[in-house]
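Owing to the predicted nature of the structure, the values given are computational and were not obtained by experimental measurement. First listed ligand is number 1; within each ligand, the first listed atom is number 1.
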Amino acid sequence: QKARIGVTGLAVMGRNLARNLARHGHPVAVHNRTSARTKALVEEFGGEGTFLPAETPERFVESLERPRRLVVMVKAGGPTDAVIDEFAPLLEPGDMIVDGGNANFADTRRREAALRERGIHFVGTGVSGGEEGALLGPSIMPGGSAESYEALGPLLEDISAKVDGTPCCVHVGPDGAGHFVKMVHNGIEYADMQLIAEAYDLLRHAAGLAPAEIAEVFRTWNTGRLESYLIEITAEVLAHTDASTGKPFVDVVLDQAEQKGTGRWTVQTALDLGVPVGGIAEAVFARSVSGHAALREAARGLPGPSRTVMAGSGFADAVEKALYASKIVAYAQGFHEIQAGSAEYGWNIDLGAMATIWRGGCIIRARFLDRIRAAYEADPETPTLLTDDHFAEAVGDAQGAWREVVAAAARIGVPAPGFSTALAYYDSLRADRLPAALTQGQRDFFGAHTYRRTDRDGSFHTLWGGDRTEAGA
Ligand code: NBP
């Protein structure tokens with residue numbers, strides 16, 4: 001018997017993806033550099049379906065039906081290249097290598113081009129949902145050729161999460177498109193988590209609520225428009241009590257957030273593409289600030305207002321509005337980045353389809369994504385989600401409370417970089433005039449960088465060092 005698909009790299013993600021495939025009735029070949037993992041998988045879970053274990057790359061490749069579908073789930077970076085170098089010589093034109101790791105999309109573009117020369121399809125695929133998603137149904141974002149999706153799509157759609165019967169898997173676009181979208185998904189995830197953390201901090205310090213009480217607030221929010229996996233787990237974490245001290249769990253965890261890199265890539269890429277993603281950038285910076293222990297220690301005694309409890313009733317509702325509005329901004333920025341990446345690399349990404357496949361399986365799964373899908377259905381070319389009827393109305397309704405919350409944060413000295421930057425972005429977009437005019441004046445003054453005028457075409461320069469007449473054409 002041959003396997004329909006194979007998975008190499010059997011740590012948590014690969015093992016669970018292989019089990020997911022087997023549970024769906026697809027005979028799956030399994031391989032890992034260290035064969036103990038392969039044996040353990042078959043011993044523990046062999047009863048779940050048909051596994052074809054292989055100790056060597058040669059046996060692994062031999063056990064696959066043609067064209068071969070080979071999923072690589074190893075640590076991203078060097079290990080992925082090592083595995084490709086090991087397996088590609090064993091493959092034939094028409095075979096497919098699916099990289100399900102969190103690769104940088106630029107690496108994926110490089111690998112895809114190199115393997116295409118040899119006739120091998122390289123399918124950089126975003127997989128979201130962590131360990132549990134991989135087993136029970138992740139959100140899957142495959143890039144690569146349309147031809148490879150014909151052979152892989154049905155399998156991937158079969159094991160993906162489903163929402164209202166629709167698979168959370170769609171062909172994203174050529175070469176690096178899948179990993180690009182996964183990267184932005186993670187960037188949005190960073191922003192979403194940061195905004196939730198700020199909401200918690202404000203409820204705690206401005207409203208004086210205890211973690212268990214805040215958990216209740218989040219539970220209530222989770223029955224409304226903010227309903228999402230992240231809000232749900234936030235309530236769980238806040239309600240948890242540390243067994244050894246009896247204190248709220250959140251009070252015994254070191255307040256230094258770590259990161260693996262996809263948030264940083266999202267921001268670096270946005271800078272390269274010239275897309276403003278302040279909400280995502282502040283979320284990455286907030287984790288970075290938290291980790292600078294010595295810096296924070298040095299600055300701890302700096303003056304600030306007393307953190308007296310000041311918020312009255314209704315504050316939680318205001319925070320809910322600030323959170324919803326800021327979240328809309330973060331998603332608008334993330335989708336703008338996908339739109340820009342798609343244009344830059346000619347990927348032709350369907351933005352509404354991205355919202356659709358993120359509704360289930362992944363970390364940012366939320367009711368809210370239906371709204372984004374509807375916004376792109378109404379206008380696929382919309383320059384920003386903020387002008388969609390639903391979102392414009394929601395933000396319009398929230399903006400008063402949003403401003404109050406940002407002001408309250410500033411008054412009591414609680415950092416709210418996510419809420420603040422989102423509001424500044426909103427106000428920047430809606431402004432009649434921006435002080436960028438002054439910036440251009442300064443640039444022209446010190447560097448003769450020229451400026452354009454509101455009333456005439458052409459570029460102009462004022463002779464600042466001379467008689468200040470204007471030259472231009
Ligand atoms: P890890 O990222 O911890 O990688 C461990 C696997 O890589 C093992 O199978 C290991 O083999 C293999 N490997 C390494 Br390390 N170097 C290798 C090499 N030179 N040649 C061959 N194999 C090598 O596993 P993971 O947490 O399951 O994640 C797998 C991928 O999925 C990563 O790219 C990750 O970013 C991505 N991802 C993870 C999550 C998550 O929630 N964990 C979610 C979404 C995506 P060994 O057993 O012989 O050491």
Side-chain angles (χ1 to χ4, degrees), residues 6-21 28-42 44-45 53-61 70-90 97-108 111 122-143 156 159-161 168-169 172 176 178-190 193 229-230 233 258-266 357-358 360-365:
V7 179
T8 181
L10 301 174
V12 285
M13 291 296 289
R15 183 183 60 183
N16 281 355
L17 266 189
R19 289 175 60 197
N20 189 346
L21 283 159
V28 56
V30 285
H31 170 267
N32 191 68
R33 177 181 62 177
T34 313
S35 55
R37 277 199 208 267
T38 317
K39 285 203 192 82
L41 166 59
V42 177
E44 257 181 272
F45 304 108
E55 289 215 357
T56 65
E58 290 76 11
R59 297 296 290 272
F60 179 62
V61 168
L70 191 161
V71 179
V72 181
M73 280 310 276
V74 302
K75 200 175 172 66
T80 306
D81 283 316
V83 171
I84 292 171
D85 289 347
E86 195 169 16
F87 284 89
L90 308 174
I97 299 181
V98 179
D99 174 17
N102 268 335
N104 186 303
F105 78 96
D107 286 338
T108 302
R111 291 167 183 149
F122 185 71
V123 183
T125 301
V127 179
S128 177
E131 206 177 325
E132 191 185 279
L135 181 63
L136 303 176
S139 173
I140 309 182
M141 298 151 244
L156 297 179
I159 63 161
S160 73
C168 294
C169 172
V172 178
H179 276 140
F180 185 94
V181 162
K182 173 62 176 19
M183 171 189 77
V184 177
H185 162 284
N186 284 25
I188 291 173
E189 177 185 312
Y190 272 58
M193 291 170 70
Y229 172 70
L230 281 171
I233 65 164
E258 294 172 7
Q259 48 182 313
K260 282 196 181 161
T262 41
R264 188 173 66 237
W265 292 346
T266 308
I357 64 171
W358 291 348
C362 66
I363 306 298
I364 63 171
R365 60 185 182 260

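- Of the polar atoms of Pro79, none of the N or O atoms is found under 3.5 Å from an N or O of ligand 1, judged by distance alone.
- Considering backbone and side-chain atoms together, Lys182 places no N or O closer than 3.5 Å to any N or O of ligand 1.
- Proximity of Ile159 to Ile140: side-chain heavy atoms (C-beta onward) are separated by under 4.5 Å at one or more points.
- Residues Phe60 and Leu90 form no side-chain contact, since every pair of their non-hydrogen atoms from C-beta on lies 4.5 Å or further apart.
- The CZ atom of Phe87 sits 4.0 Å away from atom OG1 of Thr8, with the distance rounded to the nearest 0.5 Å.
- Here the heavy atom of the protein found nearest to atom 26 (O) of ligand 1 is Val12 CG2, 3.6 Å.
- Judged by distance alone, with hydrogens and angles left aside, the side-chain atoms of Ser35 form no donor-acceptor pair with the main-chain N or O of Thr38 at under 3.5 Å.
- If you check which protein heavy atom lies closest to atom 29 (C) of ligand 1, you get Met73 O, 3.7 Å.
- Taking CG from Asn16 and CG from Leu136, the interatomic distance works out to 8.0 Å, rounded to the nearest 0.5 Å.
- Scanning all heavy atoms of the two residues, the minimum distance from Asp99 to Ala103 falls at OD2-CB, 3.5 Å.
- For Lys75, a nitrogen or oxygen atom sits less than 3.5 Å from a nitrogen or oxygen atom of ligand 1, counting backbone and side chain alike.
- Counting heavy atoms closer than 4.0 Å to ligand 1, residue Val83 contributes side-chain atoms (C-beta onward) but none from N, CA, C or O.
- Atom 3 (O) of ligand 1 lies below 4.0 Å from none of the non-hydrogen atoms of the protein.
- Assignment of Gly9 to the shell around ligand 1 is supported, since a heavy atom sits closer than 4.0 Å.
- For atom 36 (C) of ligand 1, the nearest non-hydrogen atom of the protein is Asn102 N, 3.7 Å.
- Of all protein heavy atoms, the one lying nearest to atom 44 (C) of ligand 1 is Val127 O, 3.3 Å.
- Separating the NE2 atom in His31 from the CD atom in Glu86 is a distance of 6.5 Å, to the nearest 0.5 Å.
- Residues Lys182 and Ser128 share a closest heavy-atom pair of CE-CB, 3.6 Å.
- Ala11 CB, 3.7 Å is the protein heavy atom nearest to atom 5 (C) of ligand 1.
- When hydrogens are left out, the protein atom nearest atom 46 (P) of ligand 1 is Thr34 OG1, 3.5 Å; that is the closest non-hydrogen contact.
- When the options Arg15, Arg37, Arg33 are ranked by their closest heavy atom to atom 20 (N) of ligand 1, first place goes to Arg33.
- In summary, the atoms of ligand 1 found under 4.0 Å from a heavy atom of Leu10, numbered by their order in the structure, are 9 (O).
- Looking at atom 41 (O) of ligand 1, its nearest protein heavy atom turns out to be Gly130 CA, 3.3 Å.
- Separation of atoms NZ (Lys260) and CG (Asn102) is listed at 7.5 Å; rounding is to 0.5 Å.
- Within a 6.0 Å radius of CD in Gln259, more than 12 heavy atoms belonging to other residues, nucleotides or ligands are found.
- Relative to atom 9 (O) of ligand 1, the option among Thr8, Asn32, Val74 with the closest non-hydrogen atom is Asn32.
- In terms of polar-atom proximity, Lys260 is not counted as a contact of ligand 1, lacking any N or O under 3.5 Å from an N or O of the ligand.
- What sits closest to atom 27 (O) of ligand 1 on the protein, heavy atoms only, is Met13 N, 2.9 Å.
- Interatomic distance, Arg15 CZ to Leu41 CG, rounded to the nearest 0.5 Å: 7.5 Å.
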